[in-house]
Amino acid sequence: MWFELNNYEWQAIRLSLIVAANAVAMGLPVAILVSLLLRWPRLPFRSVLNIVVHLPLVLPPVVVGWMLLVVFGVRGPIGSLLNDWFGIRLVFTASGAALACAVMTFPLMVRAIRLSLDSVDSGLEDAASTLGAKRLDTFFTVTLPLMAPGVVSGAITAYAASLGEFGAVITFASNVPGQTQTLPLAIFTALQTPGGEEAAAKLATISVILAVGGLLLGEWVGKRLRP
Amino acid sequence: MWFELNNYEWQAIRLSLIVAANAVAMGLPVAILVSLLLRWPRLPFRSVLNIVVHLPLVLPPVVVGWMLLVVFGVRGPIGSLLNDWFGIRLVFTASGAALACAVMTFPLMVRAIRLSLDSVDSGLEDAASTLGAKRLDTFFTVTLPLMAPGVVSGAITAYAASLGEFGAVITFASNVPGQTQTLPLAIFTALQTPGGEEAAAKLATISVILAVGGLLLGEWVGKRLRP
Amino acid sequence: MTLDIHLKHTFPTFSADVDICLPTPGVTALFGPSGCGKSTVMSAVSGLLKADEVRVVLDGVVLSDLHPADRGVGVVFQDGRLFPHMTVDSNLRYGMKRAQAGPVDFAETVELLGIGHLLDRRPGKLSGGERQRVAIGRALLRQPRLLLMDEPLSALDAGRKDEILPFLTRLHDDMRIPMLLVTHSIDEVARLADTLVLMRNGSVVAQGPVGDILTRADLDFASANQAGAVIAARIVSHDPTRGLTKLDAGGVMIWIPMIEEPPSARRRIRVPASEVSLALDDPGPTSADNIVSGVVLNLRETPDRRMTLVEIAAGQARLLSQLTPDAARQLRLEPDMPVKALFKAIGVQVV
Amino acid sequence: MTLDIHLKHTFPTFSADVDICLPTPGVTALFGPSGCGKSTVMSAVSGLLKADEVRVVLDGVVLSDLHPADRGVGVVFQDGRLFPHMTVDSNLRYGMKRAQAGPVDFAETVELLGIGHLLDRRPGKLSGGERQRVAIGRALLRQPRLLLMDEPLSALDAGRKDEILPFLTRLHDDMRIPMLLVTHSIDEVARLADTLVLMRNGSVVAQGPVGDILTRADLDFASANQAGAVIAARIVSHDPTRGLTKLDAGGVMIWIPMIEEPPSARRRIRVPASEVSLALDDPGPTSADNIVSGVVLNLRETPDRRMTLVEIAAGQARLLSQLTPDAARQLRLEPDMPVKALFKAIGVQVV
Amino acid sequence: QAPVTSTQTVFAAASMSDALRKVNDAWVAHGNASLQFNFAASSTLIRQIDQSAKAAVFISADERWADWGIERGLLVKSSRVSPIGNRLVLIAPNNSSLTRLDLTKTTDLVALLGRNGRLATGDPAHVPVGRYAEQALTWMNQWTAINPRLARADSVRSAMLLVERGEAPLGIVYETDAAVSTRVKIVGIFPKESHEAVTYPFVLVKAQDSPDARAVLAFLIGPEALEIYRSFGFTTP
Ligand SMILES: Nc1ncnc2c1ncn2[C@@H]1O[C@H](COP(=O)(O)OP(=O)(O)OP(=O)(O)O)[C@@H](O)[C@H]1O
Ligand SMILES: Nc1ncnc2c1ncn2[C@@H]1O[C@H](COP(=O)(O)OP(=O)(O)OP(=O)(O)O)[C@@H](O)[C@H]1O
Ligand code: MOO
Ligand SMILES: [Mg+2]
Ligand SMILES: [Mg+2]
């Protein structure tokens with residue numbers, strides 16, 4: 001049957017979902033934080049941060065994967081710390097794939113969140129502070145709910161883009177079936193094989209179905225959040 | 001010198017800028033239109049359109065390039081029409097590269113624009129209509145300026161992402177130095193060549209500089225547009 | 001000619017069912033407690049509310065068949081709705097550019113509203129009252145054939161109001177632009193409106209000429225200290241030494257502080273019931289410039305028994321006086337009894 | 001105890017330089033034309049305006065050293081600022097949850113503001129006046145130690161105002177919460193405020209007890225028909241048959257419509273100058289329930305020469321009467337002359 | 001022979017780009033019009049030719065895609081030659097304790113990898129170097145043991161990067177790539193018989209077959225070009 005899936009394909013689906021979900025879960029809080037930082041006009045090195053945030057968007061995915069390897073590899077500045085202190089190795093693991101996706105989709109999240117953040121009426125935050133809410137309290141009860149459409153949109157974009165992320169994942173996490181072989185890697189592998197078009201089409205269809213699920217969820221949440 | 005560029009590299013820079021600019025120029029009006037359509041809740045096939053818009057985000061770039069090749073190739077349904085009627089060939093041309101970038105960045109544009117569009121106060125559009133402005137007039141004088149932050153953000157995201165777009169471009173437009181070899185393709189080619197890392201790093205740096213120029217322009221325009 | 005409004009609309013917890021027929025040109029005040037549906041009526045007339053059932057006819061033209069942009073209706077929204085991305089100048093000119101040339105002049109309007117120094121500013125940097133004035137200007141400069149104003153003067157000080165009200169009156173008198181005005185101020189009603197529509201809970205409780213409605217003791221106006229007589233008058237002569245102008249109000253001579261109008265010009269005046277004292281005999285030297293002899297037409301005690309409203313016929317004019325029920329008893333007032341109505345010249349409002 | 005406000009701030013085209021010292025607890029009205037800087041002062045006190053120079057001291061506590069959240073200041077903003085993503089209920093409880101328990105009761109406030117049926121709704125679906133009432137409720141329930149209200153009643157009808165004003169008075173009287181109130185209504189000033197600050201163009205033109213300021217003829221109040229005497233009075237007795245209550249106002253007996261207060265309770269009353277007529281002799285039977293003998297203290301003609309304001313001493317009380325300059329001449333009024341001040345019981349406002 | 005004045009396009013595996021640019025310089029020096037190149041993965045290139053891209057010559061990094069193109073009738077079968085090759089080598093990071101060893105059927109690569117180490121190479125599913133590695137490992141009877149320990153990269157360069165960064169203690173790459181890296185050392189060379197010869201097939205594209213195209217192909221496999229390939233480390237017979 002056309003829609004029979006082999007074991008590796010099931011694994012790829014499961015893995016893709018896990019990786020995409022983890023990428024969003026990892027990236028979103030940081031993206032919110034960075035958006036808030038960037039909103040603050042007197043932040044030192046503001047433009048540097050802004051550039052760094054956008055790097056993954058600008059550079060070819062393979063280069064990003066390459067840079068991740070340099071930074072998060074066992075010999076990299078962060079990777080060696082993670083390895084020495086916690087025994088965490090990211091390369092060749094699903095967490096590494098999620099990290100690659102999180103990094104690649106990070107600029108998309110930040111852009112969406114900033115867009116919403118810019119449209120938050122600061123008068124409402126002011127009102128909250130006269131009602132006794134301190135900075136964090138105001139953030140969680142007023143700012144965050146009002147910027148929620150951007151957060152949701154950013155999360156959904158990141159989820160969808162993670163489902164399609166190829167270059168950075170294969171470079172950083174490599175293509176280990178069952179561990180880091182997400183759907184796009186499986187699709188790519190199929191395409192690189194003479195006669196693999198049908199398998200590729202099947203996997204691409206699955207990818208689209210997974211994404212549509214996320215989109216619908218996002219639209220639904222977005223609608224509920226709108227005041 | 002480290003920063004001496006050969007002819008091909010200069011061409012890649014020029015081409016990347018042209019391709020990115022064209023991608024934005026092509027994609028943006030359509031993205032605005034589609035965003036407006038999607039805002040209309042009773043649009044028939046609304047969810048289908050929504051899914052189609054997001055496809056390029058979800059699918060691995062190579063697959064998108066592949067689909068473009070099938071649709072816009074000289075044997076494809078649209079490609080053959082363009083070829084027969086106007087003698088336009090997109091595959092293997094700079095216009096094709098721009099098309100690939102436009103398609104790949106389309107979901108990003110639509111998402112940004114919709115986010116801004118959702119935060120436009122419809123009361124202001126109402127006010128415009130009582131002042132004698134018809135639908136299009138209201139759109140251009142009220143809605144568009146108020147959603148401008150999203151349009152600008154979408155354009156900048158698309159520009160930056162176009163500068164980094166690899167898979168779809170190399171598949172659909174191929175990697176012809178001076179014609180379709182944009183910066184990411186040149187970076188890829190350099191990386192594939194033994195000892196090409198330095199050249200790749202140089203090109204990546206240039207890519208970042210070009211992107212930063214766009215980002216700064218975008219921030220500047222965005223700031224001027226904010227009421 | 002008339003403005004007819006038929007509206008039925010239901011919100012989850014509120015429904016409006018309104019039939020209003022108003023003479024045009026004229027100024028109609030919509031009056032009623034918060035949440036009674038005034039803004040809802042305005043939205044329906046402007047075409048912005050997609051009401052369940054709505055028919056608006058202005059002088060034979062079925063407005064409700066037209067797109068809001070084609071209705072030629074100028075709206076001052078309760079919540080301002082200035083375009084935040086445009087300067088004050090662009091806001092003001094927005095409707096003007098899209099309308100045919102009309103009687104409302106840009107320079108004059110800006111001058112009168114005192115917003116000349118704000119033209120280059122964005123609405124975000126205006127004070128509340130400044131915003132409201134710009135909103136009024138924008139609606140006027142749109143050269144409307146019908147003006148809808150939802151509490152247009154609520155954020156303005158008395159001085160500014162005193163400047164704007166006569167301008168609105170002139171729009172009405174000279175340019176014959178009909179207006180529908182939501183206000184909570186009986187003073188504005190009296191000074192501007194010909195017709196009063198009293199709403200409550202989504203329906204119309206009373207509608208009619210301002211004079212009639214304001215003197216009806218069964219409505220809330222009397223107890224709210226807002227009753228008064230509105231009388232059409234003609235200028236008879238000026239007395240510069242005394243600083244007074246004599247009016248003929250239906251055969252009764254009434255003195256008011258001098259106004260700059262040629263003799264025989266017609267003005268409407270309002271004599272608030274609170275200003276009018278009653279006496280049985282000539283009271284001797286007093287500060288009341290006007291001592292009008294009349295006959296008690298009727299006495300009405302308000303439901304809360306705190307006030308008696310006495311209607312007095314003097315010539316063709318009707319005056320209203322409000323007093324304590326006790327004073328009415330002391331004077332033994334009863335219909336057809338002759339009385340003197342006393343009131344000061346400065347108590348008379350020229351509207 | 002006092003509330004001291006020192007503020008210097010410059011906007012591109014406007015600068016405020018304000019020094020205000022107000023007695024607390026008490027209600028202070030900020031009064032002045034649109035754009036004169038009232039909201040700017042409010043923002044500085046609440047801490048939301050990062051002013052060039054600002055020092056706010058409330059009863060010895062330097063508020064301006066505190067974060068806005070710690071100032072304990074309840075604010076009713078001119079532009080509402082309800083949280084659009086919360087229900088009315090959550091809006092109301094937002095500040096309450098973050099404050100210590102206090103004297104303002106949720107159920108009572110909701111009841112009084114008439115917003116009980118709106119609790120589950122989002123602000124986007126409220127009428128203008130409903131929004132304003134929720135904003136008032138939110139600020140009150142925050143249990144403030146200082147209440148700032150920027151035109152809190154502007155969108156409300158007279159009936160609703162009449163319900164809310166006494167509640168605010170009670171907050172002031174019973175709970176001793178000081179208030180700073182921006183309003184354009186002299187009626188609200190008279191009914192609520194002890195102290196009046198008159199602003200113009202970013203500076204304070206006059207400040208002092210309401211009674212003093214309102215009777216000053218050099219200010220705009222007189223010409224705007226807003227002058228009046230505010231007098232402290234004590235209830236002497238009730239006369240249920242006549243429906244009147246007798247007050248002792250500094251030795252002068254004044255009748256007002258009956259109020260439900262025990263004898264010897266103290267109330268402030270306001271006698272608008274427009275309500276008071278003057279006569280030289282006893283006028284015979286008249287509707288004026290109050291005929292007070294007094295002595296002319298002084299006469300002031302307004303700059304526009306349309307009105308003469310006469311101050312009359314009667315016992316310890318001061319009354320104001322406004323008349324045309326002509327009437328003043330006719331009566332040959334001059335200082336120290338004995339006169340009768342006539343006014344109706346229903347003309348007296350209990351504030 | 002008369003110089004070629006028409007623009008001829010060569011579709012070539014990306015790893016050939018530097019060498020081919022040099023060859024083009026020589027070609028131009030003979031008075032011919034400069035060649036146009038399209039560098040990408042072999043699979044991408046042949047698919048583009050399938051969509052009637054105007055290529056004169058196809059240079060694949062992998063015999064399989066040449067076979068596929070010939071089967072589909074895209075390429076001129078008779079023109080196929082494989083003039084250059086490469087050697088498959090085992091590499092380790094510079095600081096590795098491994099010393100040069102002879103790779104034989106008995107070399108225990110799993111032991112060399114240590115407990116958790118992975119062997120980096122191209123994905124055998126589609127990257128040529130990975131397929132040669134699979135053959136070699138199979139020859140050594142270690143494929144089943146090593147397969148789960150592979151780090152499958154999308155190109156030989158990515159595989160080498162994993163070794164350079166110390167993520168993988170061992171890698172299998174081409175000699176040409178290992179030669180230019182200063183951070184890896186060649187630990188062993190796989191014997192010729194352990195895998196199919198690493199060759200780069202050059203084929204004419206049927207749709208663009210012309211005397212000019214044939215002249216280009218002839219030059220690309222001619223002695224002058226071969227000298228250039230050698231200088232880049234490719235082997236020639
Ligand atoms: N953000 C700003 N930038 C520049 N000017 C401002 C800004 N905010 C207020 N102003 C100006 O400062 C002056 C005082 O404003 P403020 O809001 O205090 O007036 P206000 O007394 O509250 O007036 P209103 O009764 O109309 O609300 C006004 O002239 C206004 O135009
Ligand atoms: N979008 C809405 N959804 C539900 N109810 C609404 C909506 N808009 C208004 N209402 C309700 O309809 C009623 C009438 O509203 P409307 O705005 O017409 O009142 P209004 O007379 O203008 O009051 P105000 O003087 O307070 O502005 C109110 O009870 C209000 O709560
Ligand atoms: O085509 Mo390669 O050079 O084996 O990655
Ligand atoms: Mg309303
Ligand atoms: Mg203000």
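Sequence lines set the chain letters: A, B, ... in the order given, protein chains first and strands last, and positions in each chain run from 1.
- Shown here for B/G164 and A/P61, the closest heavy-atom pair between the two residues is O-CD, 3.8 Å.
- Among B/A161, B/G154, B/A211, the residue making the largest number of heavy-atom pairs under 4.5 Å with chain A is B/A161.
- Residue A/V58 comes nearest to B/S207 through the heavy atom pair CG1-O, 3.5 Å, listed as atom of the first residue, atom of the second, then distance.
- For B/M26, the CE atom sits in a packed shell: over 12 heavy atoms of surrounding residues, nucleotides or ligands are nearer than 6.0 Å.
- The CG atom of A/L203 sits 11.0 Å away from atom CG of B/L59, with the distance rounded to the nearest 0.5 Å.
- When the shell of 6.0 Å around CZ of B/R14 is examined, it contains 12 or fewer heavy atoms from other residues, nucleotides or ligands.
- Atom CZ in B/R46 sits 5.5 Å away from atom CD in A/E219 (nearest 0.5 Å).
- Residue B/W66 holds its CH2 atom at 12.5 Å from CZ of A/F188, rounded to the nearest 0.5 Å.
- For A/T157, the parts lying under 4.5 angstrom from a heavy atom of chain B are both the backbone and the side chain.
- For B/V208, the parts sitting under 4.5 Å from any heavy atom of chain A are the backbone and the side chain alike.
- A distance of 6.5 Å separates CD1 of A/I156 from CZ of B/R111, quoted to the nearest 0.5 Å.
- Ranking B/P60, B/P107, B/A112, B/G150 against chain A, the residue ahead of the rest is B/P60, based on heavy-atom pairs under 4.5 Å.
- The candidate from A/L215, A/I187, A/L210, A/L163 with the greatest count of non-hydrogen atom pairs under 4.5 Å with chain B is A/L215.
- The structure places CG of A/D121 at 11.5 Å from OG of B/S119, a figure rounded to the nearest 0.5 Å.
- No other option in B/L191, B/V63, B/V62 has as many heavy-atom pairs under 4.5 Å with chain A as B/L191.
- B/L115 has its side chain within reach of A/P149: a pair of non-hydrogen atoms, C-beta onward, lies under 4.5 Å apart.
- In terms of heavy-atom pairs under 4.5 angstrom with chain A, the leader among B/A200, B/P184, B/A160, B/A204 is B/A160.
- The candidate from B/G214, B/S153, B/P56 with the greatest count of non-hydrogen atom pairs under 4.5 Å with chain A is B/S153.
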